[in-house]
Amino acid sequence: MSKNFDLIVIGAGPGGYIAAIRAAQLGFNVACIDEWQNGQGGPALGGTCTNVGCIPSKALLQSSENYEQAGRHFGEHGIRVGSLKIDVPTMIGRKDAVVKQNNDGILYLFKKNKVSFFHGRGSFVRAVDGGYEVRVAGKDEELLTGRQVVVATGSSPRALPGAPFDEEKILSNTGALAMQAVPRRLGLIGSGVIGLEMGSVWRRLGAEVTVLEALPTFLGAVDAQIANAAKKAFDKQGLKVELGVKVGEVKVGKKGVSVAWTDAKGGAQKLEVDQLIVSIGRVPNTEGLNAEAVGLKLGERGDVIVDDECRTNLPGVWAVGDVVRGPMLAHKAEEEGVAVAERIAGQHGHVDFNLVPWVIYTSPEIAWVGQTEQQLKAAGVAYKAGTFPFSANGRARALGDTTGLVKFLADATTDEILGVHIVGPLASELIAEACVAMAFRASSEDIARICHAHPSLGESMKEAALAVDKRTLNF
Ligand code: FAD
Ligand code: NAI
């Protein structure tokens, strides 16, 4: 006998667990299946984000930033530190504890919202009258029937051909977040988001870091002015990024990894490192879903094909998050999860894909929302730009972190804000103001007229908005 639910969610990452909670809030009887195991074989809810993504990476970024501050910058404040030592196992232990708090938090939220959780792999069995049968295999062995199904199975790291992850010498994000010692020489393939965040963590802790990137442009999707400012800051820190690289043979030896590569001019090069992190993008998780049993349509990348509203080709089957098109971001997955639950309830769930912010949590942080200057030019949109450097902001000076700038792009005729780009301290927090403003279709004049607390980094947002009209007050 199968257990009946209004909704079965497969996957308890940010897309799945949020969809399950929102659907339960709306009065549905919801099951959520997830197969992630902690070290003891128990459930570890929260998916990639909680276990080997957003949360642990930010924990290590904070620890390593504290170490760098103590080693390089406390002296400027007159704080003398004797001998400084990094205890990596303790740092990793703290990260694990932070992860566990989040795992347990989601389990608590499931109980609070009466979501039935099943620990194991979920796969489609067949379509039945008015729904779908889904098997749970693993710790829990069950047959469930759901009137509706949300696929939220996320993504996994893409390996370099011929260089499979062993998580000892060739690491994915999983291994990169669990290293028990600082390697002397660390190599990274791919200077995308993971490459820069993980490269920063281990560089701050003392590793000699080299990043090999295939594209000739640094952070090509980022506004070029912001990407250039970030590159300058990373160069100064000693984070070595080689652009326009063609990676060749990767050999694992007893002592480390050797990577043959060709530079932009075609010259043969070799990188010898103790460990290599491969961060060249991620692939959607649809293996094991048994999609063919119900005829669920997949794309070439193995992604679940959906429309703008996360509907698949099957009635009553939806898909959200990394397993579908669009940016692989936790907050995008969450927004889709909420919208789908609301659509199932007959409401008008909505996600504005133009207003999904991006943040790279390096130091300086990089954050943006909306259009870049390159995109506006390519689309032939007439725009005005205003920038303000943190070097002219009182709070940034007091913090001792004046790297970077805020940039506003506004429509030349209507002054509506079209994009906001930040590189600098706490860009991750500052960008929220831009998201709110753009969601309300504010003009740069609106931001320029709003009273911002002094002294605050937020004043740089106001000043950059004033700069659109060429009337900054402090620069
Ligand atoms: P996932 O989080 O991948 O969750 C999917 C879940 O489904 C997993 O638990 C998986 O085990 C489970 N599953 C898969 N198949 C099955 C099955 N058949 N049966 C049962 N369970 C199954 N994004 C940000 O927005 N901010 C960040 O700072 C950030 N940092 C990141 C850092 C790193 C190192 C990485 C790797 C990613 C980071 N991301 C970040 C991206 C973010 O983690 C993902 O976009 C997000 O986790 C996607 O959520 P999801 O719910 O779609 O999938
Ligand atoms: P990515 O797509 O951000 O970057 C991959 C990089 O690798 C690209 O610059 C690409 O040109 C390069 N590349 C691809 N193949 C290559 C090759 N053979 N040789 C050399 N370079 C190559 O992917 P990444 O860093 O793996 O992260 C995956 C995703 O996880 C991100 O796109 C993002 O969606 C998410 N993420 C988000 C974070 C955040 O929001 N702060 C943090 C970390 C990850």
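Counting starts at 1 for both ligands and their atoms, in listed order. The analysis underlying the following values was restricted to heavy atoms, covering all of them including side chains, and did not include hydrogens, waters or symmetry mates. Here the structure is a predicted model, which means the values were calculated and not measured.
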Chemist: Distance under 4.0 Å to a non-hydrogen atom of S57: what atoms of ligand 1 satisfy this?
Modeler: 32 (C)

Chemist: Mark yes or no for whether E365, through its side chain, and S428, through its backbone, hold a donor-acceptor pair below 3.5 Å.
Modeler: yes

Chemist: Hey, does V245 sit under 4.0 Å from ligand 2 if you only count heavy atoms?
Modeler: no

Chemist: At less than 4.0 angstrom from any non-hydrogen atom of M328, what atoms of ligand 2 do you find?
Modeler: 33 (C), 34 (O), 35 (C)

Chemist: Report, in ascending order of atom number, the atoms of ligand 1 lying under 4.0 Å from any heavy atom of G321.
Modeler: 52 (O)

Chemist: Using a 4.0 Å heavy-atom threshold (strictly under), name the region of N173 that reaches ligand 1: side chain, backbone, both or neither.
Modeler: side chain

Chemist: Would you kindly specify which portion of C54 sits under 4.0 Å from ligand 1, judged on non-hydrogen atoms: side chain, backbone, both or neither?
Modeler: both

Chemist: Tell me, with the steps shown, if L177 and I92 meet side chain to side chain contact (heavy atoms under 4.5 Å, CB included).
Modeler: CA-CA 8 Å; L177 291 162; I92 297 291; over 6 Å; no

Chemist: Other residues, nucleotides and ligands only: do more than 12 of their heavy atoms fall within 6.0 Å of CZ on F353?
Modeler: yes

Chemist: Got an N/O contact under 3.5 Å between V247 and ligand 2?
Modeler: no

Chemist: Could you tell me the residue and atom name of the protein heavy atom closest to atom 5 (C) of ligand 2, and the distance to it rounded to 0.1 Å?
Modeler: S279 O, 3.5 Å

Chemist: Would you say G53 has any N or O atom under 3.5 Å from an N or O of ligand 1, going by distance alone?
Modeler: no

Chemist: Is the closest heavy atom of G120 to ligand 1 under 4.0 Å?
Modeler: yes

Chemist: Quick test of your reading of the structure: of G13, A19, P14, whose heavy atom lies closest to atom 46 (C) of ligand 1?
Modeler: P14

Chemist: Is the backbone of P14 close enough, under 3.5 Å, to the side chain of E334 for a donor and an acceptor to pair up by distance?
Modeler: no

Chemist: Looking at atom 7 (O) of ligand 2, what's its closest protein heavy atom, distance included?
Modeler: G190 CA, 3.3 Å

Chemist: Which ligand 1 atoms, with their elements, are less than 4.0 angstrom from a heavy-atom of C49?
Modeler: 2 (O), 43 (O), 47 (O)

Chemist: Applying a 4.0 Å heavy-atom criterion (strictly less than), which segment of I194 is in contact with ligand 1: side chain, backbone, both, or neither?
Modeler: side chain

Chemist: Geometry only, no angles: is A214 polar-contacting ligand 2 at N/O separations under 3.5 Å?
Modeler: yes

Chemist: If you measure from CZ on R204 to CG on L239, what distance do you get to the nearest 0.5 Å?
Modeler: 10.0 Å

Chemist: List every atom of ligand 1 that sits less than 4.0 Å from any heavy atom of R282, numbering the atoms from 1 in the order shown and giving each element.
Modeler: 36 (C)

Chemist: Which ligand 1 atoms, with their elements, are less than 4.0 angstrom from a heavy-atom of K58?
Modeler: 27 (C), 28 (O), 29 (C), 30 (N)

Chemist: Within a 6.0 Å radius of atom CD on Q269, are there more than 12 heavy atoms belonging to other residues, nucleotides or ligands?
Modeler: yes

Chemist: Does one side chain, of R135 or N290, offer a donor that lies under 3.5 Å from an acceptor on the other?
Modeler: no

Chemist: About how many Å separate CD1 of I280 and CD of E213, when rounded to the nearest 0.5 Å?
Modeler: 10.5 Å

Chemist: Does N173 form a side chain to side chain contact (heavy atoms under 4.5 Å, CB included) with S279? I'd like the steps, not just the answer.
Modeler: CA-CA 7 Å; N173 53 298; S279 47; over 6 Å; no

Chemist: Among all protein heavy atoms, pick the one closest to atom 12 (C) of ligand 2 and tell me residue, atom and distance.
Modeler: E213 OE1, 3.3 Å

Chemist: Give the residue, atom name and distance (to 0.1 Å) of the protein heavy atom nearest atom 4 (O) of ligand 2.
Modeler: G192 CA, 3.2 Å

Chemist: Among V324, D322, T50, which one puts a heavy atom closest to atom 52 (O) of ligand 1?
Modeler: D322

Chemist: For the pair H421 (side chain) and Q371 (backbone), establish whether a donor and an acceptor sit closer than 3.5 Å, ignoring hydrogens and angles.
Modeler: yes

Chemist: Going by heavy atoms, is D34 under 4.0 Å from ligand 1?
Modeler: yes

Chemist: What distance separates D263 CG from L243 CG, expressed to the nearest 0.5 Å?
Modeler: 11.5 Å

Chemist: Just checking E168: does its CD atom have more than 12 heavy atoms from other residues, nucleotides or ligands closer to it than 6.0 angstrom?
Modeler: no

Chemist: Is L160 in polar range of ligand 2, meaning some N or O pair under 3.5 Å apart?
Modeler: no

Chemist: Polar-atom distance check: G122 versus ligand 1, any N or O pair below 3.5 Å?
Modeler: yes

Chemist: Less than 3.5 Å between some nitrogen or oxygen of G281 and one of ligand 2, yes or no?
Modeler: yes

Chemist: Indicate, as side chain, backbone, both or neither, the part of K332 found under 4.0 angstrom from ligand 1 when only non-hydrogen atoms are considered.
Modeler: neither

Chemist: With heavy-atom distances below 4.0 Å as the criterion, list the atoms of ligand 1 near R121.
Modeler: 18 (N), 19 (N), 20 (C)

Chemist: Among the heavy atoms of K246, does any lie under 4.0 Å from an atom of ligand 2?
Modeler: no

Chemist: Quick one: pull up CD in E336 and SG in C310 and give me the separation to the nearest 0.5 Å.
Modeler: 3.5 Å

Chemist: Who's closest to atom 19 (N) of ligand 2 heavy-atom-wise, of I194, I189, T48?
Modeler: I189

Chemist: Taking both backbone and side-chain atoms of Y361, is any N or O found less than 3.5 Å from an N or O belonging to ligand 1?
Modeler: no

Chemist: For atom 29 (C) of ligand 2, grab the closest protein heavy atom and report residue, atom and distance to one decimal in Å.
Modeler: R282 CD, 3.9 Å

Chemist: Within a distance under 4.0 Å of any heavy atom of G47, pick out the atoms of ligand 1 and give their elements.
Modeler: 2 (O), 4 (O), 8 (C), 9 (O)

Chemist: Please round to the nearest 0.5 Å and tell me the distance separating atom CG of D235 and atom NZ of K240.
Modeler: 11.0 Å

Chemist: Starting from atom 39 (C) of ligand 2, locate the nearest protein heavy atom and write down its residue, its atom name and how far away it is, to 0.1 Å.
Modeler: V359 O, 3.4 Å

Chemist: What is the closest protein heavy atom to atom 14 (C) of ligand 2, and at what distance does it sit?
Modeler: I280 CB, 3.6 Å

Chemist: Mind checking whether A330 has an N or O less than 3.5 Å away from an N or O of ligand 1?
Modeler: yes

Chemist: Is R185 salt-bridged to E272, going by a charged N under 4.0 Å from an acidic O?
Modeler: no

Chemist: I want to know if ligand 2 touches E197 in the polar sense, i.e. an N/O pair below 3.5 angstrom.
Modeler: yes

Chemist: Measuring from non-hydrogen atoms of Y17 to any atom of ligand 1, is the shortest distance under 4.0 Å?
Modeler: no

Chemist: How long is the straight-line distance from CG of L212 back to CG of L160, given to the nearest 0.5 Å?
Modeler: 10.0 Å

Chemist: Between N173, V211, L243, L329, flag the one that comes closest to atom 40 (O) of ligand 2 by a heavy atom.
Modeler: L329

Chemist: Students should be able to answer this: which protein heavy-atom is nearest to atom 38 (C) of ligand 2, and at what distance?
Modeler: V193 CG1, 3.2 Å

Chemist: Should V306 and R325 count as side-chain neighbours, where that means a heavy-atom distance under 4.5 Å?
Modeler: yes

Chemist: When you measure from the side chain of S200 to the backbone of T362, do you find a donor-acceptor pair of N or O atoms at a distance under 3.5 Å?
Modeler: no

Chemist: Is V52 touching ligand 1 with its side chain, its backbone, both, or neither, if touching means heavy atoms under 4.0 Å apart?
Modeler: backbone

Chemist: Using a distance-only test with no angle check, is there a side-chain donor-acceptor pair under 3.5 angstrom linking S2 and T145?
Modeler: yes

Chemist: Can you list the atoms of ligand 1 that are under 4.0 Å from a heavy atom of S155?
Modeler: 3 (O)

